[in-house]
**Student:** 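Structure below; questions to follow.
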Amino acid sequence: MKNIFSFALCFSFIFLMPSCKRKKLEEVVEVPLPSAEEKVTIGQPDDVTADEGQFPLGKLPYEYNALMPSIDILTMEVHYSKHYLTYTNNLNKLVAADATLADLSIEDILKKADMTTSNDLRNNAGGYYNHTLFWEGMAPKSGGQPKDTLATIIDRDFGSFDTFKNQFVDAAEKQFGSGWAWLVVDKAGKLVVTSTPNQDNPLMPKQTISGTPILNLDVWEHAYYLDYRYKRKKYIENFFKIINWKKVSERYEEATAKK
């Protein structure tokens, strides 16, 4: 009886093995394919065009990646092709709608137009002028310290380059909210550091310090948010590595020649 039971058990085991194999469950887990990362296409500065109008879009004198690592490529592309383009187009629309602004230079509009009656004009004329100056005040493989006449004048008016730099950095860092830091030639021909909120600049009426700008730094969030985020101080320090002192010196000569 025991043998028969053992035989039956073995027979049943052999018989059932294929069945068990056939019924074996396989774990199936739905794993979604990773979605493709969004591709960011960076164009060329020359591809950016403004609407026709009194003021042309200032040409960016270098490629978007030329100022790296001080300013990253995506920040430059967004800043130039979005923010600056918008200021340019908006300014031209405002000028086209106001015959009193026809044929005026941007400097004359900033100096003479009644900015208190139009925040749109104030913001867009300032945004256009400020950014045009800003692009030209930077260059790849630049930085360091100015030479020749400008170096002498900085020493004369500030005592030393380091003193000037400390004042400029302080003005940029302490500008509450968005705005700009400036190096200007005042009415007496002296170099002075100042700051302005929003898109104001020292050419506009009723500024704390008036004068002809020769260097400016954009401390709006859109100038550094993609790379530095909240680290404004680091952004300011790296700006000094890309200042185009040759262009700043030219502006100084032009500003003093007019006086």
**Student:** Return yes if a side-chain donor-acceptor contact under 3.5 Å exists between Tyr87 and Gln199, otherwise no.
**Tutor:**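 Tyr87 vs Gln199: donor-acceptor pair found between side chains.
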**Student:** Do any N or O atoms from the side chain of Ser81 and from the backbone of Glu77 form a donor-acceptor pair under 3.5 angstrom?
**Tutor:** yes
**Student:** Is there a side chain to side chain contact (heavy atoms under 4.5 Å, CB included) between Val248 and Ile243 once you walk through the steps?
**Tutor:** CA-CA 8 Å; Val248 179; Ile243 293 177; 4.2 Å; yes
**Student:** Identify the two heavy atoms, one from Ala171 and one from Ser195, that lie closest to each other, and give their separation to 0.1 Å.
**Tutor:**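 Shortest heavy-atom contact: O-CB, 3.9 Å.
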**Student:** Could you label the plane-to-plane angle of the His83 and His79 rings as parallel, tilted or perpendicular, counting under 30° as parallel and over 60° as perpendicular?
**Tutor:**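 Ring orientation of His83 relative to His79: perpendicular.
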**Student:** Measuring from atom CZ of Arg156 to atom CG of Leu191, what distance do you get when rounded to the nearest 0.5 angstrom?
**Tutor:** 6.5 Å
**Student:** Taking atom CZ of Arg122 and atom CG of Asn198, what is their separation to the nearest 0.5 Å?
**Tutor:**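 Reported value, rounded in 0.5 Å steps: 8.5 Å.
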**Student:** Please answer whether the main-chain N or O of Asn130 pairs with a side-chain N or O of Asn201 as donor and acceptor at a distance below 3.5 Å.
**Tutor:** no
**Student:** Using 0.5 Å steps for rounding, measure from the CD atom of Gln175 to the CG atom of Leu217.
**Tutor:**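 Output value for this atom pair is 11.0 Å.
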**Student:** CG of Asp157 to CG of Leu183: how many Å apart, nearest 0.5 Å?
**Tutor:** 9.0 Å
**Student:** For the CG atom of Leu203 and the CG atom of Leu110, what is their distance to the nearest 0.5 Å?
**Tutor:** 5.5 Å
**Student:** At their closest point, which heavy atom of Ile209 faces which heavy atom of Val193, and how far apart are they?
**Tutor:**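 Between these two residues, the closest heavy atoms are CD1-O, 3.7 Å.
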**Student:** Could you check Lys247 against Met138 for side chain to side chain contact (heavy atoms under 4.5 Å, CB included), going step by step and ending with a plain yes or no?
**Tutor:** CA-CA 8 Å; Lys247 185 64 178 179; Met138 299 181 291; over 6 Å; no
**Student:** Looking at side-chain heavy atoms only, is the closest gap between Asp46 and Leu60 below 4.5 Å?
**Tutor:**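 When only atoms from C-beta onward are counted, Leu60 and Asp46 do not touch, as no gap falls below 4.5 Å.
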**Student:** What's the shortest heavy-atom distance between Met76 and Leu67, and which atoms?
**Tutor:**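 Heavy-atom minimum between the residues: SD-CD1, 4.2 Å.
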**Student:** Taking the side chain as every heavy atom from C-beta outward, state whether Ile154 and Gln145 have any pair of such atoms under 4.5 Å apart.
**Tutor:**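 With C-beta onward as the side chain, the pair stays apart.
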**Student:** What residues form a ring-ring contact (aromatic ring centres under 6.0 Å, His included) with Phe164, not counting sequence neighbours?
**Tutor:**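 For Phe164, the residues satisfying ring-ring contact (aromatic ring centres under 6.0 Å, His included) (neighbours in sequence not counted) are Phe158, Phe161, Phe168.
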**Student:** State which residue, out of Asp103, Thr100, Asn90, Leu101, fulfils the side-chain contact (heavy atoms from CB on, under 4.5 Å) condition with Val95.
**Tutor:**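 Of the listed residues Asp103, Thr100, Asn90, Leu101, the side-chain contact (heavy atoms from CB on, under 4.5 Å) partner of Val95 is Leu101.
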**Student:** Less than 3.5 Å apart, any donor N or O on the side chain of Tyr84 or Thr132 sitting next to an acceptor on the other?
**Tutor:** yes
**Student:** Would you kindly say whether Trp182 and Thr196 are connected by a side-chain donor-acceptor distance under 3.5 Å?
**Tutor:** yes
**Student:** Decide yes or no for Leu57 and Thr49: does some side-chain heavy atom of the first lie under 4.5 Å from some side-chain heavy atom of the second?
**Tutor:** no
**Student:** Asp155 and Thr152: side-chain donor and acceptor closer than 3.5 Å?
**Tutor:**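 No.
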**Student:** Ion pair present between Lys174 and Asp170, side-chain N to carboxylate O less than 4.0 angstrom?
**Tutor:**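 Here Lys174 pairs with Asp170 in a salt bridge, since their nearest N and O are under 4.0 Å apart.
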**Student:** Would the distance check show the side chain of Asp47 and the main-chain N or O of Gly43 forming a donor-acceptor pair, the cut-off being under 3.5 Å?
**Tutor:** no
**Student:** Do any N or O atoms from the side chain of Thr88 and from the backbone of Ala50 form a donor-acceptor pair under 3.5 angstrom?
**Tutor:**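 The answer is no, because no donor-acceptor pair under 3.5 Å joins these two groups.
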**Student:** Applying ring-ring contact (aromatic ring centres under 6.0 Å, His included), run through Tyr62 and Trp135 and close with a yes or a no.
**Tutor:** CA-CA 9 Å; Tyr62 36 76; Trp135 308 138; 7.8 Å; no
**Student:** Run Tyr64 and Gln44 through side-chain hydrogen bond (donor to acceptor under 3.5 Å, both in side chains) and show every step you take.
**Tutor:** CA-CA 7 Å; Tyr64 289 135; Gln44 298 296 321; over 6 Å; no
**Student:** How close do Trp220 and Ser178 get, heavy atom to heavy atom, and via which atoms?
**Tutor:** CD2-CB, 3.4 Å
**Student:** Start with the C-alpha distance between Lys165 and Glu237, add both sets of side-chain angles, then the distance that settles salt bridge (Lys or Arg N to Asp or Glu O under 4.0 Å), and finish with yes or no.
**Tutor:** CA-CA 10 Å; Lys165 181 179 177 180; Glu237 185 63 34; 3.0 Å; yes
**Student:** If I compare all heavy atoms of Leu215 with all of Gly137, which pair ends up nearest, and what's the gap?
**Tutor:** CD1-O, 4.4 Å
**Student:** Measuring from Phe240:CZ to Ser142:OG, what's the distance to the nearest 0.5 Å?
**Tutor:**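 Phe240 CZ to Ser142 OG: 12.0 Å, rounded to 0.5 Å.
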**Student:** Hey, does the side chain of Thr75 reach the backbone of Ile71 with a donor-acceptor pair shorter than 3.5 angstrom?
**Tutor:**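 Pair absent, no side-chain N/O of Thr75 close to backbone of Ile71.
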